[in-house]
Amino acid sequence: MGIRILIADDHHVVRRGLAFFLKTQRDIEIIGEAGNGKEAVELARTLKPDLILMDLVMPEMDGIEATKIIKTELPEIKIMMLTSFSDQDHVIPALEAGASGYQLKDIEPDELINCIKKIMSGENQLHPKATSHLLANLSNKDKKDDNRLISELTKRELDVLKEIAKGKSNKEIASSLFITEKTVKTHVSNLLAKLELADRTQAALFAVKNQLVE
């Protein structure tokens with residue numbers, strides 16, 4: 001089975017161009033197109049895609065609002081923001097809404113395919129500008145006692161955290177640490193809870209911020 005994708009963008013030419021290119025990929029299937037956030041939500045409910053390529057600025061409902069609704073109702077659907085905006089006012093709300101990826105529309109076609117596949121394997125894919133904004137946002141927040149939080153992790157949870165920061169999927173982490181994928185998932189859940197973090201993206205940034213990776 002290929003990756004079932006829904007494209008949400010208010011520019012017809014962009015939608016058609018994306019669809020045309022993605023249809024050339026053997027393991028990707030375009031199952032629908034939406035011209036605004038409201039349509040994206042409705043199509044997500046009926047078609048249940050594996051992944052949505054979501055524009056940020058659209059009429060009737062923007063991509064951030066649509067992402068919030070979809071991730072609340074259908075959390076298993078992955079959402080990748082594909083936009084022209086890389087400023088902090090767009091990046092932070094998009095990631096807080098639940099997007100697994102944030103890329104700019106000038107992305108190379110092959111890199112887009114690579115990002116889609118990595119997101120589907122459990123990795124988060126952020127454009128460097130998006131990552132820098134997120135790091136800045138984290139450092140601006142009231143700093144918790146990170147050392148205290150880190151000390152609560154077991155050695156194995158710390159190992160898993162370092163692997164997450166390297167951008168590895170659960171399968172790759174399992175292989176690196178010689179444990180099962182199910183065990184990795186348990187460690188990820190535990191370390192997120194202990195560090196009071198929402199997802200793998202925040203965990204990776206936490207590790208980088210606290211210099212846990214080389």
Item checked: Stepwise salt bridge (charged side-chain N to carboxylate O under 4.0 Å, His left out) test for D55 and R15 -> CA-CA 10 Å; D55 191 16; R15 283 204 316 274; over 6 Å; no
Check: Which heavy atom of L197 sits nearest a heavy atom of Q202, and at what distance?
Finding: CA-OE1, 3.7 Å
Check: Mind checking whether I31 and K48 have side chains closer than 4.5 Å, heavy atoms only?
Finding: no
Pairs under 3.5 angstrom only: tabulate donor-acceptor contacts from the side chains of residues 16-26 to other protein residues two or more places apart or in another chain.
{"residue": "R16", "atom": "NH1", "partner": "E33", "partner atom": "OE1", "Å": "3.3"}
{"residue": "R16", "atom": "NH1", "partner": "E33", "partner atom": "OE2", "Å": "2.2"}
{"residue": "T24", "atom": "OG1", "partner": "F21", "partner atom": "O", "Å": "2.5"}

Next item on the list: Can you sort out the partners of P59 under side chain to side chain contact (heavy atoms under 4.5 Å, CB included), two or more places apart, ordered by chain and number?
Entry: D10, N36
Next item on the list: Compare all side-chain heavy atoms of L6 with those of L53 and state whether any distance is below 4.5 angstrom.
Entry: no
Next item on the list: Output all residues satisfying side chain to side chain donor-acceptor pair (under 3.5 Å) with N170, sequence neighbours left out; order by chain, then residue number.
Entry: R200
Notebook entry, point to check: Sequence neighbours excluded, which residues qualify as side chain to side chain contact (heavy atoms under 4.5 Å, CB included) partners of T154?
Noted result: R156, E157, K194
Item checked: side-chain contact (heavy atoms from CB on, under 4.5 Å) evaluation trace for E29 with I5 -> CA-CA 6 Å; E29 180 187 357; I5 292 180; over 6 Å; no
Check: Please, which pairs that meet side chain to side chain donor-acceptor pair (under 3.5 Å) have at least one residue in residues 178-187, sequence neighbours excluded?
Finding: T180-T183
Note to self: Determine whether I28 and I30 satisfy the following criterion, side-chain contact (heavy atoms from CB on, under 4.5 Å), listing intermediate values before the conclusion.
What the structure shows: CA-CA 7 Å; I28 286 177; I30 304 302; 4.2 Å; yes
Note to self: Just verifying a value: how many Å separate S100 OG and L51 CG, rounded to the nearest 0.5 Å?
What the structure shows: 8.0 Å
Notebook entry, point to check: Which atoms form the tightest heavy-atom contact between L192 and A203, and what is the distance?
Noted result: CD2-CB, 3.9 Å
Notebook entry, point to check: Which pair of heavy atoms, one from V41 and one from M61, lies closest together, and at what distance?
Noted result: CG2-SD, 3.9 Å
Check: Should I52 and I7 be marked as a side-chain contact (heavy atoms from CB on, under 4.5 Å) after you check the CA-CA gap, both sets of side-chain angles, and the distance that decides it?
Finding: CA-CA 6 Å; I52 301 174; I7 300 171; over 6 Å; no
Could you tabulate the donor-acceptor pairs under 3.5 Å formed by side-chain atoms of residues 158-165, not counting sequence neighbours?
{"residue": "D159", "atom": "OD2", "partner": "K155", "partner atom": "NZ", "Å": "3.3"}
{"residue": "E163", "atom": "OE1", "partner": "K168", "partner atom": "NZ", "Å": "2.8"}
{"residue": "E163", "atom": "OE2", "partner": "K166", "partner atom": "NZ", "Å": "3.2"}

Checklist line | Closest approach of A99 to M81 (non-hydrogen atoms, all atoms of both residues) | finding: CB-CG, 3.9 Å
Notebook entry, point to check: Could you give the distance from CD1 (I150) to CG (L191), rounded to the nearest 0.5 Å?
Noted result: 11.5 Å
Check: Residues in salt bridge (charged side-chain N to carboxylate O under 4.0 Å, His left out) with K117, at least two apart?
Finding: D27
Checklist line | Whether S175 side chain and E172 backbone form a donor-acceptor pair below 3.5 Å | finding: no
Note to self: Just verifying a value: how many Å separate I113 CD1 and E108 CD, rounded to the nearest 0.5 Å?
What the structure shows: 12.5 Å
Margin query: Show every salt bridge (charged side-chain N to carboxylate O under 4.0 Å, His left out) that has at least one partner inside residues 60-80, sequence neighbours left out.
Written below: R45-E73
Check: With sequence neighbours left out, what residues match N210 under side chain to side chain donor-acceptor pair (under 3.5 Å)?
Finding: D146
Notebook entry, point to check: Which is it for M54 and I70 under the side-chain contact (heavy atoms from CB on, under 4.5 Å) test, yes or no, and what are the steps along the way?
Noted result: CA-CA 11 Å; M54 183 85 75; I70 293 166; 3.9 Å; yes
Next item on the list: Using a cut-off of 6.0 Å, state whether more than 12 heavy atoms not belonging to K105 lie near its atom NZ.
Entry: yes
Item checked: Heavy-atom check, side chain of I77 versus side chain of L74, under 4.5 Å -> yes
Checklist line | Counterpart residues, side chain to side chain contact (heavy atoms under 4.5 Å, CB included), relative to I107 (two or more places apart) | finding: L82, Q103, E111, L112, C115
Next item on the list: Tell me, please, which residues at least two apart from A34 pass side chain to side chain contact (heavy atoms under 4.5 Å, CB included).
Entry: A8, E39, A40, L43
Note to self: What's the separation between atom OG in S121 and atom CD1 in I3, rounded to the nearest 0.5 Å?
What the structure shows: 9.0 Å
Check: Under the side chain to side chain donor-acceptor pair (under 3.5 Å) test, which residues partner E42, sequence neighbours left out?
Finding: none
